[in-house]
Amino acid sequence: MSGPLLRFNTDAVVAVTGAVIPLTLNGEAQPLNTAVFVPAGSQLALGTIAGAGARSYLCVRGGLDVPDYLGSKSTFTLGQFGGHGGRALRAGDVLHVASLVDRSAGQQIPSEQLEHLADVRHIRVIYGPHGAPEYFTENYMHTFFATAWEVHFNSSRTGVRLIGPKPEWVRADGGEAGLHPSNIHDNPYAIGAVDFTGDMPVILGPDGPSLGGFVCPVTIIEADLWQLGQLKAGDKVVFEAVSIQTARDLIRRSALARDEAGTSYKSP
């Protein structure tokens, strides 16, 4: 969870947000969540995340000049497509940025709009589609929601594995779908579904499968999906069930807050 050393060959305005990370410009410390002017020839260095969170984000005014793929400039490294050559960046790579028109800097994200990463993350979910009593005992589902799950070291954008109490199944096996009781006929997966692959739950991430044959007792709501990107090994997670209506209200409220924020300060 260490950042890169970047040399800018042209003037730019950038901002770094997300998990707290040391940020220096030509050796001088710079604030996070703030638009910073970077003169041509400067070096921007991102250090190592030491506290809560797993990812920091470098935002460049005007964006990066890479081809769109499926409507995005992101790189899907597992699939080897998108972004800069469909792969992770390597030393010596050159990324082109848009010509800088607005050179203003110093704008900040208000502190009240920054999300605090607690020691135990509370993530809201919709119950289902595969819960009790068809697949799990009622008692186990109570245990599932009461448990502070620990993030496994073998986690990524494909899936976040969780360590916790072994499930109590109501079936001896999956019948014609398979030998283990977690097996079902292949069905669509949602991003954020908690997928029991055998006895271990895995939160399916944005690079995860879209189809599979395992039960998913809960699904993370859209408003809380951002939290997946800040989970690292050893973090604790508690799931809280909410209604579909609550989930819809929360994402609408989140979108409204972003719109209102855009009128109160200038985004980097």
Side-chain angles (χ1 to χ4, degrees), residues 1-26 28-47 49 53-111 113-115 156-158 191 205-207 222-223 225-230 251 254-268:
M1 290 176 286
S2 296
L5 175 65
L6 303 168
R7 182 189 299 275
F8 283 77
N9 298 318
T10 183
D11 291 349
V13 175
V14 305
V16 175
T17 188
V20 175
I21 192 170
L23 177 67
T24 61
L25 179 63
N26 296 327
E28 296 187 5
Q30 301 295 318
L32 300 181
N33 308 302
T34 303
V36 175
F37 178 73
V38 181
S42 298
Q43 284 192 338
L44 188 73
L46 288 82
I49 297 171
R55 290 176 174 86
S56 302
Y57 304 90
L58 171 68
C59 312
V60 181
R61 179 172 289 163
L64 301 177
D65 184 15
V66 295
D68 284 356
Y69 193 99
L70 298 176
S72 173
K73 296 183 183 296
S74 298
T75 304
F76 178 32
T77 54
L78 190 63
Q80 299 182 348
F81 59 76
H84 182 71
R87 59 169 173 78
L89 296 177
R90 296 195 289 255
D93 280 350
V94 176
L95 298 174
H96 296 278
V97 299
S99 297
L100 187 61
V101 177
D102 181 1
R103 305 170 70 86
S104 64
Q107 304 91 340
Q108 290 184 313
I109 299 176
S111 57
Q113 292 179 6
L114 299 175
E115 295 283 356
S156 65
R157 281 174 55 90
T158 300
I191 296 176
D207 288 355
E222 186 178 355
L225 281 176
W226 68 269
Q227 294 207 54
L228 295 186
Q230 296 296 1
I251 195 61
S254 177
L256 180 61
R258 287 195 300 269
D259 291 342
E260 292 176 346
T263 61
S264 62
Y265 73 96
K266 192 170 185 177
S267 173

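If you read the sequence from its start, that first residue is 1, and numbering goes on from there. The figures here come from the full heavy-atom set of this structure, side chains too, leaving out hydrogens, waters and symmetry mates. Because the structure is predicted, anything quoted here is derived from the model rather than measured.
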Just how far is it from atom [atom1] of [X] to atom [atom2] of [Y], taken to the nearest 0.5 Å?
X: His84; Y: Leu95; atom1: NE2; atom2: CG; result: 5.5 Å
X: Leu228; Y: Ile191; atom1: CG; atom2: CD1; result: 9.5 Å
X: Ile21; Y: Ile49; atom1: CD1; atom2: CD1; result: 4.5 Å
X: Leu58; Y: Leu64; atom1: CG; atom2: CG; result: 8.0 Å

If you look only at pairs with a residue in residues 12-21, which of them pass as a side-chain hydrogen bond (donor to acceptor under 3.5 Å, both in side chains), with sequence neighbours excluded? Thr17-Asn33
Distance-only, no hydrogens or angles: does the [X] side chain make a donor-acceptor pair with backbone N or O of [Y] under 3.5 Å?
X: Arg55; Y: Gly229; value: yes
X: Arg61; Y: Ser104; value: yes
X: Ser56; Y: Ala19; value: yes

Taking distance alone, no hydrogens or angles, what donor-acceptor pairs closer than 3.5 Å link side-chain atoms of residues 3-12 to residues at least two apart or in another chain?
unit_1	atom_1	unit_2	atom_2	d
Asp11	OD1	Ala40	N	2.7
Asp11	OD2	Arg103	NH1	3.3
Asp11	OD2	Arg103	NH2	2.6

Results of side chain to side chain contact (heavy atoms under 4.5 Å, CB included) for [X] - residues two or more places apart only:
X: Asn26; result: Ser42, Gln43
X: Thr75; result: Thr77
X: Gln30; result: Leu23, Leu25, Glu28, Val36

With Tyr69, which residues qualify under ring pair (Phe, Tyr, Trp, His ring centres under 6.0 Å), at least two apart?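 In terms of ring pair (Phe, Tyr, Trp, His ring centres under 6.0 Å), with neighbours along the sequence ignored, Tyr69 is linked to Phe81.
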How close do Ala35 and Ala105 get, heavy atom to heavy atom, and via which atoms?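 Heavy-atom minimum between the residues: O-CB, 3.5 Å.
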For a 4.5 angstrom cut-off between non-hydrogen side-chain atoms, does Val13 reach Leu100?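 They are in side-chain contact.
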